[in-house]
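Notes follow the structure.
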Amino acid sequence: MEIFKTKAALKAFLKPLKASGKKIALVPTMGALHNGHISLIKLAQHNADVIICSIFVNPTQFTDPKDLEKYPRPIEHDLAMLADAGCNGVFMPNVEEMYPAGADEAWHIDLGNAEFLLEGEFRKGHYQGVTQIVKKLFDAVEPDVAMFGQKDFQQVLMIKNMLAYFKLPITIITCPIIREEDGLAMSSRNIHLSTDDRKHSLVLSKSLQFVIDHFNEYSLAELVDKAKAYYQDIEGVELDYFTIANGNTLEPAKSKDENNLVALVAAKVGSTRLIDNMIIK
């Protein structure tokens with residue numbers, strides 16, 4: 001497994017591979033890897049010949065500087081996991097490499113109204129930062145396919161909108177959420193949960209599963225109300241939102257007959273903010 005710190009070194013590695021017709025996959029991450037990330041690598045191996053994983057904690061997508069500061073960076077652990085998974089290359093630039101001093105980093109593109117809903121309401125400007133760095137990574141790698149996890153459902157939609165904006169010839173593959181045995185969606189943030197928080201965090205997957213299991217029994221409004229009721233009286237858990245939305249627009253679903261429906265939730269568990277979702281259809 002090769003490790004690259006600069007775009008130039010990465011491009012030099014990829015150039016002959018592309019010339020020989022190899023298909024390149026990019027798996028963008030911020031590190032602190034878990035089995036959810038490794039599932040992206042494994043799925044990438046079914047869709048491409050060469051797998052590049054990027055590890056970069058992107059400062060422009062953090063709305064809270066403290067969140068950026070405490071983001072875990074277990075780099076030796078991450079590299080060992082990627083090597084074991086059969087990753088071909090790791091792109092690990094520093095901030096200066098991605099945001100050179102003196103460069104014009106002004107960035108604001110039209111991502112559609114969905115940018116301002118759900119996570120966009122709680123983390124203003126977040127998806128401008130996400131799409132800015134993903135575009136930089138796409139420019140560095142020029143992949144044929146890129147892998148993103150379903151857990152960040154809104155992020156995947158924003159990246160697809162960014163691709164359409166720039167008319168980039170990259171296929172986005174959304175990879176299913178990987179869960180712990182008790183249902184908690186795997187996340188780099190889970191390490192911040194105390195023992196009690198960890199128990200309480202199961203409310204996210206349980207409320208989503210309720211919607212899946214009882215979708216045909218109740219109206220959309222009843223399903224949302226009953227799911228929200230799960231969060232009452234759980235100490236240290238604060239619900240930000242629970243919605244059943246159209247998967248293309250993230251607007252609240254108006255009818256069960258819509259052909260792309262997803263239930264999404266965000267809640268603060270202790271001091272850790274968690275998100276989760278389940279696709280209904």
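- Hydrophobic cluster membership is shared by Ile3 and Met81, with clusters built from Ile, Leu, Val, Met, Phe, Trp and Tyr side chains linked at under 4.5 angstrom.
- Residues Met162 and Phe166 meet the side-chain proximity criterion, which asks for heavy atoms closer than 4.5 Å.
- Using a 4.5 Å cut-off between side-chain heavy atoms of Ile, Leu, Val, Met, Phe, Trp and Tyr, with links allowed through other members, Phe215 and Tyr230 fall into the same hydrophobic cluster.
- Note that CD1 of Ile159 and CG of Leu137 are 9.5 Å apart. Values are rounded to the nearest 0.5 Å.
- Remark: Ile170 CD1 to Ile24 CD1 distance equals 12.0 Å, nearest 0.5 Å.
- Taking CG of Leu163 as the start and NZ of Lys135 as the end, the distance is 10.0 Å to the nearest 0.5 Å.
- Residue Ala267 comes nearest to Val237 through the heavy atom pair CB-CG1, 4.4 Å, listed as atom of the first residue, atom of the second, then distance.
- No more than 12 heavy atoms of other residues, nucleotides or ligands sit less than 6.0 Å from atom CG of Asp233.
- Taking a 6.0 Å sphere around NZ of Lys256, one finds it holds more than 12 heavy atoms contributed by other residues, nucleotides or ligands.
- By the 4.0 Å N-to-carboxylate-O rule, Arg198 lies close enough to Asp182 to be salt-bridged with it.
- Between Phe4 and the choices Phe91, Phe56, Phe13, the ring-ring contact (aromatic ring centres under 6.0 Å, His included) rule is met once, by Phe13.
- In this structure the side chain of Ile280 reaches within 4.5 angstrom of the side chain of Ile212, judged on heavy atoms.
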### Task
Using the salt bridge (charged side-chain N to carboxylate O under 4.0 Å, His left out) rule, take Arg123 and Asp240 through it: C-alpha gap first, then chi angles, then the decisive distance, then the call.
CA-CA 12 Å; Arg123 307 168 74 187; Asp240 280 349; over 6 Å; no

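- When all heavy atoms of Ser39 and Ile178 are compared, the pair lying nearest together is OG-CG1, 3.4 Å.
- Side-chain atoms of Gln154 come within 3.5 Å of backbone atoms of Leu117 as a donor-acceptor pair (strictly under, hydrogens ignored).
- Under the 4.5 Å side-chain heavy-atom criterion for Ile, Leu, Val, Met, Phe, Trp and Tyr, Met1 and Ile52 are members of distinct hydrophobic clusters.
- Criterion: ILVMFWY side-chain heavy atoms under 4.5 Å apart, direct or through other members. Under it, Met147 and Val130 are not part of a common hydrophobic cluster.
- You'll find the side chain of Ser54 reaches within 4.5 Å of the side chain of Leu26, heavy atoms only.
- Considering Lys15, Lys18, Lys7 in turn, Lys18 is the only one that fulfils the salt bridge (Lys or Arg N to Asp or Glu O under 4.0 Å) rule with Glu142.
- The aromatic rings of Phe148 and Phe138 sit perpendicular, their planes meeting at an angle over 60°, well past the 30° parallel limit.
- We find the NE2-CG distance between His77 and Leu82 to be 9.5 Å, quoted to the nearest 0.5 Å.
- Side-chain heavy atoms closer than 4.5 Å link hydrophobic residues (I, L, V, M, F, W, Y) into clusters, and following such links, even through other members, never connects Val262 to Leu208.
- Looking at Glu115, its side chain never comes within 3.5 Å of a backbone N or O of Met158 through a donor-acceptor pair.
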### Task
Begin with the C-alpha distance, continue with both residues' side-chain angles, and end with the deciding distance and a verdict on ring-ring contact (aromatic ring centres under 6.0 Å, His included) for Trp107 and Tyr165.
CA-CA 13 Å; Trp107 173 277; Tyr165 182 90; 7.8 Å; no

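- Salt bridge Asp276/Arg179: present, at least one basic N to carboxylate O contact under 4.0 Å.
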### Message
Would Val211 and Met278 count as a side chain to side chain contact (heavy atoms under 4.5 Å, CB included) here? Give the steps.
### Response
CA-CA 9 Å; Val211 169; Met278 289 186 188; over 6 Å; no

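- Contact detail for Asn58 and Gly129: the closest heavy-atom pair is ND2-O, 3.2 Å.
- Within the 4.5 Å cutoff, side-chain heavy atoms of Tyr71 are placed close to those of Phe62.
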### Query
Tyr99 and Thr60: side chain to side chain contact (heavy atoms under 4.5 Å, CB included), yes or no, with the steps?
CA-CA 10 Å; Tyr99 296 96; Thr60 71; 3.2 Å; yes

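- Here the straight-line distance linking atom CG of Leu250 with atom CZ of Phe153 works out to 6.5 Å at 0.5 Å rounding.
- Under the 3.5 Å distance criterion, the side-chain polar atoms of Asn47 are matched with a main-chain donor or acceptor of Leu43.
- Tested against Leu202, the residues Lys199, His200, Lys206 include a single side-chain contact (heavy atoms from CB on, under 4.5 Å) partner, Lys206.
- Closest heavy-atom contact between Ile41 and Cys87: CD1-SG, 4.3 Å.
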### Task
Verify side chain to side chain contact (heavy atoms under 4.5 Å, CB included) between Thr29 and Leu40, making sure each step is shown before the conclusion.
CA-CA 10 Å; Thr29 81; Leu40 303 187; 5.5 Å; no

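- Around the CD atom of Glu238, the shell of radius 6.0 Å holds no more than 12 heavy atoms that belong to other residues, nucleotides or ligands.
- The backbone N or O of Lys23 lies less than 3.5 Å from a partner atom in the side chain of Asp49, making a donor-acceptor pair.
- Side chain of Asn277 to main chain of Ala263: no donor-acceptor pair is present (N/O by atom type, distance under 3.5 Å, no hydrogens or angles).
- In this structure, Glu217 places its CD atom where more than 12 heavy-atom neighbours from other residues, nucleotides or ligands lie under 6.0 Å away.
- In this structure, Gln155 CD and Lys160 NZ are separated by 12.0 Å, a value rounded to the nearest 0.5 Å.
- Shortest non-hydrogen contact noted between Ser188 and Ala32 is OG-O, 2.8 Å.
- The closest donor-acceptor contact from the side chain of His37 to the backbone of His34 lies under 3.5 Å.
- Using a 4.5 Å cut-off on side-chain heavy atoms (C-beta onward), Leu204 and Val269 make contact.
- Under the 4.5 Å side-chain criterion, counting only non-hydrogen atoms from C-beta, Met92 is not in contact with Asp78.
- Using cut-offs of 30° and 60° on the angle between ring planes, the pair Phe122 and Tyr241 is tilted.
- Counting heavy atoms from C-beta outward, Leu111 and Gln128 have side chains that approach closer than 4.5 Å.
- For the pair Lys226 and Phe210, the cation-pi test (distance below 6.0 Å, angle within 45°) is failed.
- Taking the side chain as every heavy atom from C-beta outward, Leu274 and Asn190 approach each other to under 4.5 Å.
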### Query
Step by step, would you call Asp152 with Ile275 a side chain to side chain contact (heavy atoms under 4.5 Å, CB included)?
CA-CA 8 Å; Asp152 292 295; Ile275 61 171; 3.3 Å; yes

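- Within the 3.5 Å criterion, the main-chain N or O of Glu97 finds a donor-acceptor partner in the side chain of Asn94.
- Crowding of Asn259 atom CG: a count of heavy atoms from other residues, nucleotides or ligands under 6.0 Å not exceeding 12.
- One finds no salt bridge joining Lys136 and Asp139 here, because no Lys/Arg side-chain nitrogen approaches an Asp/Glu carboxylate oxygen to under 4.0 Å.
- Across every non-hydrogen atom of Pro100 and Glu105, the tightest pair is CD-OE2, 3.5 Å.
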